[in-house]
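Each ligand, and each atom within it, is numbered from 1 in the order the structure gives.
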Amino acid sequence: MEWAEVSFRTSHEAVDAVSSLFEEAGASGTVIEDPALINDYIHSGLWDYTDIPEQKDTSAVTVKAYLAADESIEGKLAALRAGLDEIAARGVDTKPAEFSVTRVQDEDWANSWKAYFHTDKVGERVVIQPSWEEYEPEAGEVVLRLDPGAAFGTGTHPTTAMCLRAMEKLIRPGMTVFDVGTGSGVLAIAAAKLGAAEVRAVDYDATAVRVARENIEANGVADVVSTAESDLFSALPGRAGLVTANLIADLVIRLLPDLDAHLEKGGALLASGIIEDRTQEVREAADLAGFVVAEGHEEKEWHAMVIRRRGEA
Ligand code: SAH
């Protein structure tokens with residue numbers, strides 16, 4: 001099917017009026033591309049590193065919508081142009097007021113992102129398989145069925161992939177694992193499939209917990225993996241043989257003082273999401289809590305560490 005992608009570059013002030021106009025014209029939804037929001041995201045403090053460039057010009061916002069390019073499209077476009085003029089006539093500043101229309105094929109925008117996600121053997125055993133692909137696992141492989149969605153963690157991000165590879169060696173059959181900041185549940189699901197007997201997956205974000213739950217069920221490991229909302233260890237009673245925490249340096253540092261109370265004898269913390277510049281601070285925080293970095297991994301600008309009690313490393 002053919003669609004018309006209509007796009008209007010305008011002022012922040014005009015965004016709501018323009019979105020409503022697009023929706024009245026029959027668009028099922030509008031996309032708002034606001035460079036100021038991208039900068040907010042970069043500076044939110046949630047990320048130590050992001051490869052999204054800082055947006056220089058934040059004065060204009062682009063509102064986009066998709067309309068079916070059927071026989072009524074020319075009339076709809078004429079009505080849209082008139083509606084945009086009317087908004088300006090009401091005294092709303094709509095500048096730069098750049099209107100454009102592009103024809104796109106259905107699959108171009110509805111399915112094109114699928115081209116970026118393929119079945120991926122992340123480690124020696126762990127394979128990530130999106131639901132729209134077929135895969136015949138080889139002996140010894142564990143397959144995680146995961147689609148990109150509302151929570152972080154398809155398994156292919158370097159911080160996650162490093163954890164998955166390390167977990168292939170760290171997980172022992174029958175182990176208890178705590179996954180702190182579970183996101184999509186990827187590490188918790190891998191822990192269960194690699195042989196853990198009990199996995200607790202927590203996140204402080206309710207959406208992540210819901211998405212993790214769905215993925216855990218879809219992967220058939222709901223009998224092993226439980227979920228909860230929790231700020232770091234706060235809702236996690238008891239001890240684990242392995243704690244996985246793919247967070248950022250600040251959160252790993254905040255978690256370390258409580259680690260001793262949550263680790264079994266001989267247990268380890270697998271921490272990831274740490275950028276090069278912060279590794280020394282994490283080492284110092286580990287030292288202060290009675291731990292040492294027993295093993296380090298790095299990929300791109302990211303570091304992952306296996307942290308053990310001093311004397312047990
Ligand atoms: N474990 C997944 C997701 C990592 S992203 C993976 O390895 O791919 C980090 C996750 O930590 C996010 O889902 C975020 O919501 C969660 N998080 C951030 N701060 C947290 C906190 N204080 N307590 C628990 N979870 C937290």
Between Asp147 and Ser131, do the side chains contain a donor N or O and an acceptor N or O under 3.5 Å apart? yes
Atoms in ligand 1 with a heavy atom of Thr160 nearer than 4.0 Å: 6 (C), 7 (O), 8 (O)
Is Ser184 close to ligand 1, meaning an N/O of one under 3.5 Å from an N/O of the other? no
Other members of the hydrophobic cluster containing Val211, with the 4.5 Å side-chain heavy-atom rule, please. none
Number the atoms of ligand 1 from 1 as they appear, then name those within less than 4.0 Å of a heavy atom of Ser230, with their elements. 23 (N), 24 (C)
Close N or O approach (Leu187, ligand 1; < 3.5 Å): no
Ligand-residue contact atoms, ligand 1 with Gly153, heavy atoms, under 4.0 Å: 8 (O)
Could you tabulate the donor-acceptor pairs under 3.5 Å formed by side-chain atoms of residues 71-97, not counting sequence neighbours?
| unit_1 | atom_1 | unit_2 | atom_2 | d |
| --- | --- | --- | --- | --- |
| Ser72 | OG | Asp70 | OD1 | 2.7 |
| Glu74 | OE2 | Arg103 | NH2 | 3.4 |
| Asp93 | OD1 | Lys95 | N | 3.0 |

Out of Thr244, Asp231, Leu270, who is nearest to atom 22 (N) of ligand 1 when you count heavy atoms only? Asp231
Less than 4.0 Å between a side-chain N and a carboxylate O, is that true for Asp231 and Arg254? yes
Subset of ligand 1 atoms that lie under 4.0 Å from at least one heavy atom of Leu251: 18 (C), 19 (N), 22 (N)
Would you check if there is a donor-acceptor pair between the side chains of Tyr66 and Glu5 at a distance under 3.5 Å? yes
Could you tell me whether Asp179 and ligand 1 have an N or O pair separated by under 3.5 Å? no
So for Val186, does at least one of its heavy atoms come nearer than 4.0 angstrom to any atom of ligand 1? yes
May I ask you to check whether Thr244 and Asp179 show a side-chain donor-acceptor distance below 3.5 Å? yes
Proximity winner for atom 14 (C) of ligand 1, if only heavy atoms of Asp205, Leu247, Asp203, Leu232 are counted: Asp203
Between Glu281 and Arg278, does any side-chain N to carboxylate O distance fall below 4.0 Å? yes
Does at least one non-hydrogen atom of Arg254 fall below 4.0 angstrom from an atom of ligand 1? yes
For Glu198 and Arg200: C-alpha separation, side-chain torsions, deciding distance, then whether salt bridge (charged side-chain N to carboxylate O under 4.0 Å, His left out) applies. CA-CA 7 Å; Glu198 193 186 342; Arg200 290 176 191 270; 3.2 Å; yes
